[in-house]
Amino acid sequence: MKTYDIIVVGAGPAGTTTARVASEQGASVLVLEKKRDIGIPVRCAEGVSEQGIKNLIEVEDSWIAQVITKSIFVSPDGVEVDSFPGERGFILHRKIFDLALANRAAKAGAQIVTKAYVKGVVQENGQVKGVTAEIWGEDKVIKASVVIGADGIESQIGRWAGLNIIAKKTYILPCLQVLLSGLDIDPGCVVFYLGEKIAPGGYLWVFPKGNGIANVGLGIDPEKAEGKNALHYLSSFVEKKFPGSSCLGMTAGGVTSGPSPAKIVGNGFMLVGDAAFQINPLTGAGILNGMIAGEIAGKVAVEAIKQGDVSEKRLSEYQKIWHKREGKNNDRSYNMKKVISQFSDRDLNKIAQLLLSIPPEKRDGYQIFRKVLFKHPKLIIDAAKVFGRK
Amino acid sequence: MMTSGKIKINTNKCDFCGVCISICPCIAIILKEREISVKYEKCKQCYWCIDFCPVGAIQKDGSINDFTQKEK
């Protein structure tokens with residue numbers, strides 16, 4: 001079997017971005033995707049910021065299900081607060097988007113194989129040298145200079161290679177989402193519902209995809225859910241809020257909601273995307289994070305291979321650049337999340353009332369915190385912990 | 001307090017999403033595309049996977065081999 005410069009495990013946005021960038025730099029790249037079809041099933045709410053994605057890649061119209069111009073937060077007692085105007089967003093068709101990114105990687109020269117289940121890493125003298133995989137039912141050993149784990153939340157590459165990257169319980173939120181049709185909703189507006197009864201320890205989202213269709217999903221903290229699962233909470237909400245709607249699809253999944261892991265590289269391997277917990281712990285957003293990490297990882301891997309040094313030390317350049325660019329933002333969001341997750345439903349109801357007293361155009365982060373904190377002095381201490389650590 | 005027992009995954013309910021694998025401290029659950037299995041010799045029966053399954057597809061089976069398994 002051919003030896004590659006780089007093997008990427010997983011063909012989501014992080015994996016195919018890594019593969020495309022590395023191929024563009026002249027590396028030979030093999031992408032192994034466990035599933036038979038790229039982009040299916042969609043385990044994602046599909047929202048991205050317009051500017052964020054345009055900064056990264058040329059956007060095709062066919063990827064966009066809906067342009068978003070507004071967002072609303074609904075407090076536990078049902079008060080609606082329009083939030084920070086200004087930034088527009090897209091709800092993507094991830095099936096089309098993921099396929100397009102894979103196509104771009106393939107066009108750049110990467111070889112992509114689906115139904116290719118990676119079973120382990122090949123290690124020699126503490127260095128990852130390739131993977132063992134079952135490709136269309138046949139066992140193979142494939143060698144590469146660098147293995148990149150873009151294998152999602154259930155990532156095993158790091159663990160097999162000896163990294164202690166198993167999530168703590170509090171770092172994972174189980175999620176469930178349905179694709180509902182027949183909804184009478186504002187198509188340009190995403191809505192977030194908060195509250196212990198709706199989505200304990202997380203939030204519920206309604207992301208419109210046009211034509212009366214929307215992704216309706218939630219993430220919960222099982223420790224706060226009193227033995228009930230995501231399905232229970234989502235079913236209750238849908239029955240109450242959207243009676244008579246039809247369910248066109250359902251997917252489960254999970255998002256990480258913790259701080260950056262200590263290590264996402266090792267001798268001969270790197271982790272990108274969900275596998276490296278590159279998700280904003282407050283919002284759960286991860287598409288663009290994964291693509292940014294993929295760009296950095298692809299470049300660093302190729303340079304390292306050219307220099308003949310794929311040691312952990314050399315590859316850790318990727319982790320450093322990533323941390324400076326996005327990782328530290330995620331860590332700040334994690335600290336904010338810790339503060340917000342202490343709010344009771346009563347606190348959130350009060351905060352919603354306070355926010356309504358700020359004119360919508362002035363509802364930026366600073367004004368919100370000023371207003372909220374003056375009324376709730378005990379929160380100042382928590383906030384100081386978050387913002388004092390910039 | 002529930003009795004100890006092996007975990008059992010109901011593949012009719014399972015969405016093969018991987019959340020259980022992400023929190024399993026023992027690397028005891030194996031997922032292919034639509035195939036999921038438990039390596040019982042690795043499972044230490046912490047039951048986190050039961051709490052974290054979004055669709056309630058994992059349960060404790062109290063009837064099988066209880067005498068050989070000890071709760072951690």
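In what follows, every heavy atom counts, from backbone to side chain, and hydrogens, waters and symmetry copies are set aside. In the text below, chain A, chain B and the rest are named by the order of the sequence lines, each starting its count at 1.
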Proximity of A:Phe277 and A:Tyr171 rings by center, below 6.0 Å: no
Side-chain heavy atoms of A:Trp136 within contact of A:Arg36, under 4.5 Å: yes
Backbone of A:Thr283 reached by a side-chain donor or acceptor of A:Asn280 within 3.5 Å: yes
Atom group of B:Cys20 that falls short of 4.5 Å from chain A, counting heavy atoms: neither
Distance under 6.0 Å and angle within 45° of ring axis: A:Lys169 vs B:Phe52: no
For chain B, the option from A:Gly227, A:Ala230, A:Ala225 that forms the most heavy-atom pairs under 4.5 Å: A:Ala230
More than 12 heavy atoms from other groups under 6.0 Å of NZ on A:Lys224: yes
Rounded distance (nearest 0.5 Å) linking atom CG of A:Asp151 with atom CG of A:Asp274: 10.0 Å
Region of A:Thr251 in contact with chain B, defined by heavy-atom distances below 4.5 Å: both
Heavy-atom pairs under 4.5 Å with chain B, option from A:Gly253, A:Ser155, A:Pro41 with the top count: A:Gly253
Pairs of heavy atoms under 4.5 Å with chain B: top-ranked of A:Glu134, A:Arg159, A:Lys115: A:Arg159
Aromatic plane relationship, A:Tyr203 with A:Trp205 - under 30° parallel, 30 to 60° tilted, over 60° perpendicular: perpendicular
Choice from A:Thr256, A:Ile153, A:Val118 maximising heavy atom contacts with chain B below 4.5 Å: A:Ile153
Choice from A:Ile172, A:Ile165, A:Leu231, A:Leu173 maximising heavy atom contacts with chain B below 4.5 Å: A:Ile172
Option that, when pairs with chain B are counted at under 4.5 Å, heavy atom only, ranks first among A:Gln156, A:Glu154, A:Glu223, A:Met250: A:Glu154
Pick from B:Pro54, B:Gly56, B:Cys14, B:Pro25 with the largest number of heavy-atom pairs that fall under 4.5 Å of chain A: B:Pro54
